[in-house]
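Reading through the structure tokens given below for one structure.
Residue numbers begin at 1 in each chain, while the letters A, B, ... track the order of the sequences. Everything quoted here is computed from the prediction, not taken from an experiment.
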Amino acid sequence: MIAIVDCNSFYCSCERVFYPALANRPVVVLSNNDGCIISRTDEAKALGVGMAAPFFQNREIIEQNNVTVFSSNYNFYGDMSWRVMETLRSLAGVHNVEVYSVDEAFIDLHEIEPENLHAFAKKLKSTVEQWTGVKVSVGVAPSKVLAKVANHLAKKDKRQTDCVVVLDTDEKLLEALHKTPVKDLWGVGRQYAVKLNSMNIITAYDLSTMNETWASKFLGGITGVRLIRELKGIPAIDLLDELTTKKMIATTRMFGSPVNNLIDIKEAVATYTARAAEKLRRQHSVAKTISVFVVPKEKRGSGEGYRRESSLSNYRNLPIATSITNELIKPALQLAESLFEEGNSYQKAGVTLSGLYPESSVQSNMFTTAPSKSMNALMDMLDNVNFSMRDDVIKFAASGTTKNWKMRQEYRSPRHTTRWEELREVR
DNA sequence: TCTGGGGTCCTAGGACCC
DNA sequence: TCTGGGGTCCTAGGACCC
């Protein structure tokens with residue numbers, strides 16, 4: 001059996017830990033740049049605040065109902081996430097926990113006796129809440145997809161389930177499948193939901209009766225086949241090794257306001273490159289390819305709805321794979337220059353590192369030398385300082401100091417857990 | 001006025017090779 | 001004039017996730 005532990009309204013939950021007075025009040029957390037609502041409590045949801053909805057469209061409801069608003073504070077959430085995951089690891093064993101996202105983890109329960117499943121799930125929940133203050137829901141079932149279904153039901157009716165649902169009999173599984181619309185399944189997005197409904201497949205149960213040949217044809221090949229198997233209770237998506245390394249690393253961000261000069265664009269690109277390089281070093285990889293993209297600000301008619309912007313990008317293959325920040329910044333700045341057009345205004349830029357290899361595999365060729373030991377030692381020191389502060393205390397000159405392009409964060413909470421000077425005071 | 005920031009996997013199709 | 005069959009590698013693009 002597999003469990004998924006999912007934090008309830010994670011970012012809001014984090015904020016509430018340090019503002020207990022908000023316990024039963026509506027709270028929302030905004031995306032970077034204060035653009036969208038990316039986390040909302042049940043109370044905010046009940047008021048009609050939409051998920052992933054633009055902030056400005058919900059402003060009225062928020063102000064009228066005195067909803068508490070926070071800008072996102074990723075240093076703080078990252079630290080809280082780490083605490084939650086450590087708690088789970090200490091209860092279930094390091095090797096049985098797969099951290100799936102900042103607020104979710106799968107747990108392999110093969111070491112737990114069937115009759116103890118429910119008690120163990122409860123223990124996961126109560127311990128996390130006691131040690132970190134973050135509320136969680138737990139779903140338990142024979143496969144990952146079914147565990148997600150269980151978790152969904154646990155969240156939907158918190159009072160009745162007490163946020164724990166264990167699907168350990170065929171009757172419970174069938175009932176759960178009948179109750180779940182296909183659109184709520186993990187792996188079925190908007191496109192597939194429409195397609196399935198048009199074929200008169202409405203509930204998860206309907207989908208579970210389909211065969212694999214059909215799934216292969218209509219639901220994205222092997223992905224669809226795995227979904228069907230998982231729905232039938234046959235695990236088809238492995239618990240991932242904790243040490244799997246990323247195959248691509250990106251850092252991209254909207255600007256606080258449109259940028260129209262090359263100097264600012266280059267500062268932003270240098271900053272993003274430094275951040276991406278840091279992620280790269282953390283997983284002990286080097287990158288062979290770097291690409292940069294910029295998104296011009298679109299001139300839109302008032303009648304048009306929002307649509308995904310189109311970006312301009314360019315890439316470069318490096319002579320030798322590296323994770324040294326300055327070796328990556330140089331080509332990144334050249335790429336930024338090649339993309340920039342005088343007179344244009346830009347709203348976003350990003351840097352992607354790909355062609356990743358373990359750093360131990362780097363070889364020098366005839367024209368280049370392997371990075372010197374001192375350069376690597378410098379990077380280590382920089383990462384240690386910046387990581388311990390969960391922020392960039394030490395930066396590269398190319399990142400600049402003006403930050404005309406940096407994002408808006410009007411409602412950010414203090415970095416309670418990573419800054420002494422921002423620690424909460426209790427009198 | 002104002003619409004996030006990361007990632008993954010899969011497939012199709014083109015380039016190239018023998 | 002005629003123009004195979006099989007393989008690999010790469011990229012772009014679509015779908016999905018939180």
Separation of C/dC17 C1' from A/Leu185 CG (nearest whole Å): 13 Å
Side chain of A/Lys148 - closest among C/dC18, B/dG4, B/dG7: C/dC18
Secondary-structure string, 5' to 3', Watson-Crick or G-U under 3.5 Å, | for another-strand partners, for DNA chain B: ....||||||||||||||
Among B/dC9, B/dC2, B/dG4, the nucleotide that comes nearest once only the side chain of A/Arg226 is considered: B/dC9
Options B/dG7, B/dG4, C/dC17, nucleotide nearest the side-chain atoms of A/Met254: B/dG4
Enclosure of A/His95 NE2 (heavy-atom neighbours >12, cutoff 6.0 Å): no
Out of B/dT8, B/dG4, C/dC16, whichever nucleotide has its closest atom nearest the side chain of A/Lys246: B/dT8
Closest listed nucleotide, where the reference is the side chain of A/Tyr100 and the choices are B/dC10, C/dC18, B/dG7: C/dC18
A/Gln191 side chain, from C-beta outward: closest of B/dC2, C/dA15, C/dC18: C/dA15
d(NZ, A/Lys247; C1', B/dC10) in whole Å: 12 Å
Residue whose nearest DNA chain B nucleotide is more 5′ - A/Asn33 or A/Ile222: A/Asn33
Pair A/Phe218 and A/Tyr192, ring centroids less than 6.0 Å apart: no
Sugar-phosphate only, base, or nothing, as touched by A/Lys279 at under 4.0 Å among non-hydrogen atoms: sugar-phosphate
Whole-Å distance separating the OH atom of A/Tyr74 from the P atom of C/dC18: 16 Å
A/Ser137: which of A/Asp162, A/Asn151, A/Asn8 passes side chain to side chain donor-acceptor pair (under 3.5 Å): A/Asn8
